[in-house]
J.: 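Structure below; questions to follow.
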Amino acid sequence: MEKLTAHNREGKLEVARIPRLLLKHLKLIGIITVAVSLTAAVCLILKSNYYISKGTLLPTGDQKSSMLGSLAAAVPGLDMLNRDSEPTASSQLFPDILKSRLIREEVLNTHLPGELSSRFNATSIGTVFGTDSPTQMNTLTGITEIGKDKNTGIVSIAVEYTDPQLARFIALTYIERLEEYCSSERFARLNQNRDFIAGRLEETRERLDQAEDSLLQFREQNLNYYNSSAPDLQLEHERLIREVERIGKVYAVLSEQLELATLESERKKPVVAVLDQPALPLVKAGPARVRTTLQFGFGAFLLTCFVIVMIDYIKRQLPSSEVEEINRWQDNVEDQISGLRQRLKLIRRETTT
């Protein structure tokens, strides 16, 4: 028996049988290819169009390597723009913040505007995806793609949904919640030093007011203290002056420290710099029905050809007795199927009559 891939006497691989084998089963190959293509086409037709709204954020921090960062660091008073020393001031945290459960819950709880609320008969983004909280979270995670370019550091937010307006609204909501998070009380630890100095400054201002009032009251009660020879009056006047000067120096130092702490707090606070606001997608992003149908059809064609060749190869590797046994088994199965068909036809005839 001739084998499919057997070597001839010259040691060359014999493959001339494969085209003949495929031509023999050309009808089967065509049926399977057409069936898979039609199934894929029907499924793609039933699938709704989806749209992608995308926004991008500029990187903040890591400015030493950039020209603007170098110029800002060289100009006195502008070095506060350099945020490299503080990881909280860098946009490197933005993807993790956007993917956090806290931000996603806030996005899901965001109320829809009037038009979208009436269209989806829902009050918030989460209720559009269902009433179950895990389902809402999984759906939002599935339609959202958050990434960061390793070379440029630009953070991208892409939302894919069947409604273009809702996709844009969700992307905008992500950016708004990120801005709120970066400026909210969750970064209050950056302001702890400033708040402490501000409290001390307020206390010192009250003490300074009291010292100045005491000095003013003393001078009003002793209008001739300059010409007075009483040592106790001169001593009391000098003491009040020293107290005002001492508290005034403390007040001046605290005022300067408060300015520095405010600048430091602003320097450490992350800045959300939006490069491109999410736009309303007017052209669908998918599905690519024609291309996908052709891909499925071509894949079915190749897979069917491969299976036919492999089945024929396996049959030729088996002994003739086993091949005959397989053929008898196939004939038996075909006889049972044909008998079942005939019984079904008889049953149909009996029911119609």
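Along the sequence shown, residues are numbered consecutively beginning with 1.
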J.: Run the side chain to side chain donor-acceptor pair (under 3.5 Å) test on Thr110 and Arg177 for me, step by step, so that the C-alpha distance in whole Å, both residues' side-chain angles and the decisive distance to 0.1 Å come before the verdict.
T.: CA-CA 10 Å; Thr110 302; Arg177 296 298 171 266; 3.0 Å; yes

J.: Taking all non-hydrogen atoms of both residues into account, name the closest pair between Val107 and Ile125 and its distance.
T.: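 In terms of heavy atoms, the two residues are closest at O-CD1, 3.4 Å.
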
J.: At what distance, to the nearest 0.5 angstrom, does CD1 of Ile29 lie from CZ of Phe301?
T.: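 Going from the CD1 atom of Ile29 to the CZ atom of Phe301 covers 6.0 Å.
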
J.: Following the transitive rule for hydrophobic clusters with a side-chain heavy-atom cut-off under 4.5 Å over Ile, Leu, Val, Met, Phe, Trp and Tyr, establish whether Ile143 and Leu280 coincide in one cluster.
T.: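 No, no single cluster joins them.
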
J.: Any donor and acceptor pair, going by atom type alone, linking the side chain of Arg168 with main-chain N or O of Ser53 inside 3.5 Å?
T.: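 No: the side chain of Arg168 does not pair with the backbone of Ser53.
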
J.: Within the side chain of Lys27, is there an N or O that forms a donor-acceptor pair under 3.5 Å with the backbone of Gly30?
T.: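 Pair absent, no side-chain N/O of Lys27 close to backbone of Gly30.
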
J.: Nearest 0.5 angstrom please: Asn49 CG to Leu44 CG, how far?
T.: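 Nearest 0.5 Å value for the CG-CG distance: 10.5 Å.
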
J.: Which atom names give the shortest non-hydrogen contact between Val309 and Leu21, and what distance separates them?
T.: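 Minimum heavy-atom contact is CA-CD2, 4.0 Å.
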
J.: Check Glu245 with Arg242, please: is the shortest side-chain N to carboxylate O separation under 4.0 Å?
T.: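 No, this pair does not count.
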
J.: State, to 0.1 Å, how close Tyr51 and Ala167 come at their nearest heavy-atom pair, and which atoms those are.
T.: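 Closest heavy-atom pair between Tyr51 and Ala167: O-CB, 4.2 Å.
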
J.: Minimum heavy-atom separation for Ser48 and Arg289, please, with both atom names.
T.: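 Nearest heavy atoms, Ser48 then Arg289: C-NH2, 4.3 Å.
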
J.: Honestly curious: do Leu172 and Val155 fall in one hydrophobic cluster under the side-chain, below-4.5 Å linking rule?
T.: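 No, separate clusters.
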
J.: CG/Leu116 to OG/Ser124 distance, rounded to the nearest 0.5 angstrom?
T.: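 Leu116 atom CG to Ser124 atom OG measures 12.0 Å (nearest 0.5 Å).
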
J.: Hey, what do you get for CZ (Arg207) to CZ (Arg246), rounding to the nearest 0.5 Å?
T.: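 Reported to 0.5 Å precision, the distance equals 5.5 Å.
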
J.: Report, as yes or no, whether the 6.0 Å neighbourhood of atom CD on Gln295 holds more than 12 heavy atoms from other residues, nucleotides or ligands.
T.: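 Counting neighbours around CD of Gln295, more than 12 heavy atoms of other residues, nucleotides or ligands fall under 6.0 Å, so yes.
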
J.: Quick one: CG on Leu254 to CZ on Phe196, what's the gap to the nearest 0.5 Å?
T.: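 Going from the CG atom of Leu254 to the CZ atom of Phe196 covers 9.0 Å.
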
J.: Mind listing the closest non-hydrogen atom pair of Ile52 and Ala158 along with its distance?
T.: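 Here Ile52 and Ala158 meet closest at CG2-CB, 4.1 Å.
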
J.: Heavy atoms only: give me the nearest Phe296-Val36 pair and the separation to one decimal.
T.: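 In this case the closest contact between Phe296 and Val36 is O-CG1, 3.8 Å.
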
J.: Under 6.0 Å from the CG atom of Asn332, do we count more than 12 heavy atoms belonging to anything else shown?
T.: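 Yes, the 6.0 Å shell around CG holds more than 12 heavy atoms from other groups.
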
J.: Determine, for Glu243 against Arg239, whether the closest basic-nitrogen to carboxylate-oxygen distance falls under 4.0 angstrom.
T.: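 Between Arg239 and Glu243 there is no salt bridge, as every charged N stays at least 4.0 Å from the carboxylate O atoms.
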
J.: Using a strict cut-off of less than 4.0 Å between a Lys/Arg side-chain nitrogen and an Asp/Glu carboxylate oxygen, indicate whether Glu115 and Arg119 qualify as a salt bridge.
T.: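 Yes, Glu115 and Arg119 are salt-bridged.
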
